[in-house]
Amino acid sequence: MSKLTLKTEGDTHVIVTRRFAAKPETVFRAHTEPKLIQKWMLGPEGWTMPVCISEAKPGGKIRYEWAEGDKPGFYLTGEYLEVEPYSRIVHVERMHMPDPTPDNHVETRFEADGSGTLMTMRMTLPDAETRKAMLDTGMDQGMEASYQRLEELAEKGQLAA
Amino acid sequence: MLDLDSAFSALADPTRRAILARLALGEATVMELAEPFEMTQPAVSRHLKVLEGAGLILRRVEGTKRPCRLAPQAITEIDRWLDWLREAMARNYDRLDGVLAEMENEEGKDRS
């Protein structure tokens with residue numbers, strides 16, 4: 001059973017949902033308390049998060065730094081905008097690779113679902129310039145659709161070799 | 001500072017992904033790319049340098065211009081990157097399941 005769903009909405013949104021077998025308060029805490037975040041938000045095997053700052057209050061700072069073994073990796077910074085324990089978080093974030101990506105605005109909801117929790121993450125992609133760039137290049141259906149399109153073009157042999 | 005695969009790091013930027021999507025439609029010059037993106041030519045050139053360094057695009061010389069096109073391996077790299085993202089996300093949530101079970105377990109102990 002695939003518990004994670006990812007879909008696009010409109011021109012600029014990406015919606016991710018996931019069910020958890022724990023109550024909303026527990027899931028909320030695992031998303032906001034640094035010691036808990038460091039246990040799971042690690043990405044691929046072998047990566048760790050040596051630095052985790054998460055001040056879960058409006059205006060609070062977010063900073064996650066990942067590393068692969070001894071080698072430093074990339075980091076993410078952001079700010080909390082709204083925090084409603086234990087049901088809703090609104091924050092902005094950007095990755096530094098090391099160039100910062102445009103701001104991603106994220107609303108995360110935690111709703112009781114039977115004895116568990118349904119999490120819904122609604123991401124609003126960046127600024128007008130990035131949105132326009134995406135629209136101009138046919139990325140309006142989101143990343144996934146755009147890459148499917150790229151693949152189709154490749155299959156049709158329309159990509160310059 | 002980065003030790004990620006250069007293609008992955010190049011693909012992490014939405015503007016560079018948009019440039020790739022544009023190049024999927026055919027070859028383009030820096031000027032042609034700068035226009036729809038409302039970016040300066042030096043800014044576009046910077047992105048193209050990253051994409052070229054990552055082996056995602058190829059450039060040829062035509063007089064004073066250096067038109068770009070998508071490299072054949074770009075699609076493979078995009079697939080690998082998407083798989084990596086999906087996998088990283090799925091792994092995170094599988095780990096979170098474990099953390100949540102642990103938390104609720106400890107809570108149960110506290111109550112008893």
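All values reported here derive from a predicted model rather than from experimental measurement. By convention in this document, chain letters (A, B, ...) are assigned in the order of the sequence lines, proteins followed by strands, and residues within each chain are numbered from 1.
- With sequence neighbours excluded, the residues that form a salt bridge (charged side-chain N to carboxylate O under 4.0 Å, His left out) with B:Arg66 are B:Glu52.
- The minimum heavy-atom distance between A:Leu42 and B:Asn92, with the atom names listed, is N-OD1, 2.8 Å.
- Within a 6.0 Å radius of CZ in B:Arg95, more than 12 heavy atoms belonging to other residues, nucleotides or ligands are found.
- You'll find the side chain of A:Met119 reaches within 4.5 Å of the side chain of B:Tyr93, heavy atoms only.
- Clustering ILVMFWY residues whenever any of their side-chain heavy atoms sit less than 4.5 angstrom apart, transitively, puts A:Trp47 in the very cluster that holds A:Met49.
- Hydrophobic clustering of Ile, Leu, Val, Met, Phe, Trp and Tyr side chains at less than 4.5 Å, counting indirect connections, keeps A:Leu118 apart from A:Val90.
- Take A:His31 and apply the side-chain hydrogen bond (donor to acceptor under 3.5 Å, both in side chains) test, not counting sequence neighbours, and it matches no residue.
- In this structure, CD on B:Glu107 lies 6.5 Å from CZ on A:Arg29, to the nearest 0.5 angstrom.
- Residues of residues 33-41 of chain A having a heavy atom under 4.5 Å from any heavy atom of chain B, listed by number: A:Leu36, A:Lys39, A:Trp40, A:Met41.
- Linking ILVMFWY side-chain heavy atoms closer than 4.5 Å, directly or via other members, places A:Phe28 and A:Val106 in a single hydrophobic cluster.
- A:Ile15 is not connected to A:Val92 by any chain of hydrophobic side-chain contacts under 4.5 Å among Ile, Leu, Val, Met, Phe, Trp and Tyr, and they are in different clusters.
- Ion pair B:Asp94/A:Arg18 flagged as a salt bridge, since at least one NZ, NE, NH1 or NH2 atom sits closer than 4.0 Å to an Asp/Glu carboxylate oxygen.
- Using a 4.5 Å cut-off between side-chain heavy atoms of Ile, Leu, Val, Met, Phe, Trp and Tyr, with links allowed through other members, B:Leu96 and A:Tyr86 fall into the same hydrophobic cluster.
- The shortest heavy-atom contact between B:Glu104 and A:Ala21 is OE1-O, 4.0 Å.
- For A:Arg88, the salt bridge (charged side-chain N to carboxylate O under 4.0 Å, His left out) partners two or more places apart in sequence, or in a different chain, are A:Glu82, A:Glu84, A:Glu107.
- The distance from the CZ atom of A:Phe20 to the CG atom of B:Asp97 is 6.5 Å, given to the nearest 0.5 Å.
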